[in-house]
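Just so you know, these numbers come straight off a predicted model, no measurement behind them.
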Amino acid sequence: MPDSDDLPKHLGAVAPERLSGTPLEVAAKLLNLVLASGETSGRIVEVEAYDGANDQASHAFRGRTERTASMFGPPGLLYVYFTYGMHYCANVVCRPEGVAGAVLIRALEPLTGLELMRARRGREEPAYRICAGPAKLCQALAISQVDDGTDLLADGKVRLLDDGVPPPKNPEKRPRIGLSARVESARALTWNLSVKGHRSVTGAKVRTG
DNA sequence: GGGGGGATTCGG
DNA sequence: CGAATCCCCCCG
């Protein structure tokens, strides 16, 4: 006999297959999923792959440290790091446990909790810009260091959901953003993936009027 | 123990 | 274009 209380719980669950593969493969499959934190949420429209030990630009390139520990965890963990003395950025961990790999969430299309997100950001800006940037979306969703290591597939504060919108078949592919000149070879890779033409994507042309 | 640099953002 | 602002990690 089915328990009707179980139904909503399974609706919106992310298929484990969506998190399996290389960071680049997982990045493509994360597009159009929903990242939620409490009552606030948004659709993932821009991501970047970081391939651990194989990737000069990855925080885990030189092996495991205390800061990057969660990147070595099982697929579906949240890896949050602090940077520039003031910003947090959120990643979805992939690769099997013990092997580092992650996908940075760079931009969301806001879905719910718009006014709460605006209040947290503390500034006036159009809805489509509130979560346009990896640190901006963390501020809007109140994601910080305390959320590092969270299981995004579990029923907690921060979670990853599937509302049925499939990933784009031909995502936009660009070089990753913000990498220094020291990692020159890594900068050639087009591991920044986004929903083509979406206005919440970082660096997308701002249309006025 | 010191110092350089950072997967950013905003304002000038 | 550069300041803000602090933590991490490599090196000595």
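A/Phe82 places its CZ atom 13 Å from the C1' atom of B/dT9, with the value rounded to the nearest Å. As rounded to whole Å, 17 Å separates atom P of B/dA7 from atom CZ of A/Arg174. Rounded to an integer number of Å, the gap from A/His59 NE2 to B/dG6 P is 10 Å. Note: CD (A/Glu125) to P (B/dT9) measures 11 Å, nearest angstrom. For A/Leu104 and B/dA7, the CG to C1' distance is 5 Å, given to the nearest whole Å. When the C1' atom of C/dC7 is taken as reference, atom CD of A/Glu66 falls 12 Å away, rounded to whole Å. One can place OH of A/Tyr88 at 20 Å from P of C/dA4, the figure rounded to the nearest angstrom. Rounded to a whole Å, the CD atom of A/Gln56 is 15 Å from the C1' atom of B/dG5.
Ranking C/dC7, C/dC9, B/dG6 by closeness to the A/Thr65 side chain, first place goes to C/dC9. Of the candidates B/dA7, C/dC10, B/dG6, the closest approach to any side-chain atom of A/Arg62 belongs to C/dC10. The side chain of A/Thr83 lies closest to B/dG6 when the candidates are C/dC6, B/dG6, C/dA4. Side-chain proximity of A/Arg182 to C/dC6, C/dT5, B/dG6: nearest is B/dG6.
Checking the phosphate oxygens (OP1, OP2) of B/dG6, a side-chain nitrogen or oxygen of A/Ser180 falls inside 4.0 Å. An OP1 or OP2 oxygen of B/dT8 is reached within less than 4.0 angstrom by a side-chain nitrogen or oxygen of A/Arg106. Applying the 4.0 Å criterion to OP1 and OP2 of C/dC6, one finds that A/Arg67 has every side-chain N and O outside that range. Contact check, A/His87 against B/dT9: no side-chain N or O comes under 4.0 Å of OP1 or OP2.
When each of A/Asn170, A/Val201, A/Val45 is paired with A/Lys196, the side chain to side chain contact (heavy atoms under 4.5 Å, CB included) condition holds for A/Asn170 and for no other. Checking A/Arg121, A/Arg123, A/Arg129 one by one against A/Glu125, the salt bridge (Lys or Arg N to Asp or Glu O under 4.0 Å) holds for a single residue, A/Arg121.
Across all strands shown, A/Ala57 has heavy atoms under 4.0 Å from base atoms, whether or not it also approaches the sugar-phosphate. Residue A/Tyr50 is classed as a base contact, given a heavy-atom separation below 4.0 Å to a base.
With a 3.5 Å ceiling on both atom-pair distances, the Watson-Crick or G-U wobble partner of B/dG11 is C/dC1.
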Quiz item: Between A/Leu141 and A/Val158, is a side-chain contact (heavy atoms from CB on, under 4.5 Å) present by the stated rule, with each step listed?
Solution: CA-CA 9 Å; A/Leu141 270 62; A/Val158 189; over 6 Å; no
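Sequence order on DNA chain B of the closest nucleotides to A/Ala181 and A/Arg123 puts A/Ala181 first from the 5' end. Toward the 5′ end of DNA chain B lies the nearest nucleotide of A/Met71, the other residue of the pair A/Met71 and A/Arg121 mapping further downstream.
Taking the six-membered ring for Trp and thresholds of 30 and 60 degrees, A/Tyr81 and A/His59 have ring planes more than 60 degrees apart, a perpendicular arrangement.
Under 4.0 Å is where a charged nitrogen must lie from a carboxylate oxygen, and between A/Glu184 and A/Arg187 no such pair does.
Between A/Asp51 and A/Leu24, the closest side-chain pair of non-hydrogen atoms is not below 4.5 Å.
The same atom, P, is picked in B/dG2 and in C/dT5; the two are 23 Å apart, to the nearest Å.
In this structure, A/Tyr84 counts as stacked on the base of B/dG6 under the 5.5 Å centre distance and 30° plane angle limits.
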